[in-house]
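Just below is one structure, and these are the notes that go with it.
From a predicted model like this one, the values you see are computed outputs, not experimental measurements. Counting from 1, the numbers follow the sequence of the chain as shown.
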Amino acid sequence: MIKPIQRKQAVKKPFKFSIAQKIIFMIAIITLAFIAPQIAIILAIGLLPTFTVLLTDSKKTDKLLIVGCFNMTGIFVCMMDIFKQYSLTHSVSILSNVFNIIIMLGAAALGMIIYYELPNLFVMISKASVHRRLRNIDDKIEKLTTEWGSEIIQDK
């Protein structure tokens, strides 16, 4: 008896930063904190949902990407105010406004909702498409039975 050849499937390793990349990232964060503390304060508070996803679900990079991108869009709206008036007190006043916090964190929440509900939406759309196709096929069968007679088409 001949057995089929079983191929080893490549195991996808989770993405990890090397030591050099981690050091460069930390140097960039410290440099940003000294050069532009206004931006660093907004980013530190605004990116909390992204950091939370990074710490809790580090293996799900697609979840991190979706939540991070939506979170950055929410932060970008608030960052536009920083660029208009570039002062440390203005960045603190931006963070003290509840609506700005809702925009930043709500965008991340929208990313989480999209991450969890988009597959369900595609399933619902595909089911609706299948039902529509089945209804069209049933209509064609009904048309054929009226045209040719019911004795030609027999149910098994």
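Interatomic distance, I101 CD1 to C78 SG, rounded to the nearest 0.5 Å: 7.5 Å. Atoms CD1 and CD1, on I29 and I24 in that order, are 12.5 Å from each other to the nearest 0.5 Å. Rounding to the nearest 0.5 angstrom, the gap separating the CG atom in D81 from the CG atom in N97 is 9.0 Å. Taken from CE in M26 to NZ in K22, the straight-line distance is 11.0 Å, to the nearest 0.5 Å.
With sequence neighbours excluded, the residues satisfying side-chain contact (heavy atoms from CB on, under 4.5 Å) with L65 are C69. With sequence neighbours excluded, the residues forming a side-chain contact (heavy atoms from CB on, under 4.5 Å) with S93 are H90, S96, listed by chain and number. Partners of E117 by side-chain contact (heavy atoms from CB on, under 4.5 Å), not counting sequence neighbours, listed by chain and number: I113, N120. Residues satisfying the side-chain contact (heavy atoms from CB on, under 4.5 Å) criterion with L43, sequence neighbours excluded, are L32, I39, L47, I75.
Residue pairs meeting the side-chain hydrogen bond (donor to acceptor under 3.5 Å, both in side chains) criterion with at least one partner in residues 123-137, sequence neighbours excluded, are absent. Judged as a salt bridge (charged side-chain N to carboxylate O under 4.0 Å, His left out), the pairs with a partner in residues 62-73 (not counting sequence neighbours) are, in order, D57-K63. Sorted by first and then second residue, the side-chain hydrogen bond (donor to acceptor under 3.5 Å, both in side chains) pairs with a member in residues 99-108 form an empty list; sequence neighbours excluded. For the side-chain hydrogen bond (donor to acceptor under 3.5 Å, both in side chains) condition, the pairs that include at least one residue of residues 26-50, sequence neighbours left out, are Q38-Y86, T50-N71.
By the criterion of side-chain heavy atoms lying less than 4.5 angstrom apart, applied directly or through intervening Ile, Leu, Val, Met, Phe, Trp or Tyr residues, V92 is not grouped with M79; the two fall into different hydrophobic clusters. At a threshold of 4.5 Å between side-chain heavy atoms, the hydrophobic network of Ile, Leu, Val, Met, Phe, Trp and Tyr places I42 and L88 in one connected group. The hydrophobic clustering, which links ILVMFWY residues whose side-chain heavy atoms are closer than 4.5 Å, places F83 and I94 together.
For the pair L105 and G46, the tightest heavy-atom approach, listed with the atom from each and the gap, is CD2-O, 4.2 Å. Taking both residues in full, the closest heavy atoms of A44 and L48 are given as O-CG, 3.6 Å, listed atom of the first, atom of the second, then distance. Across P49 and A108, no two heavy atoms sit closer than the pair CB-CB, 3.6 Å. Listed here is the closest heavy atom pair of S91 and I41: OG-CD1, 4.4 Å.
Think of I30 as one node in a network of Ile, Leu, Val, Met, Phe, Trp and Tyr side chains linked at under 4.5 Å; its network also takes in F34. Alongside I103, the hydrophobic cluster contains V77 (criterion: ILVMFWY side chains under 4.5 Å). Hydrophobic cluster of L64: the remaining members, joined at side-chain heavy-atom separations below 4.5 Å, are V53, L54, I66, V67, F70, L110, M112, I114, Y115, Y116, L118, L121, F122, M124, I125, listed by chain and number.
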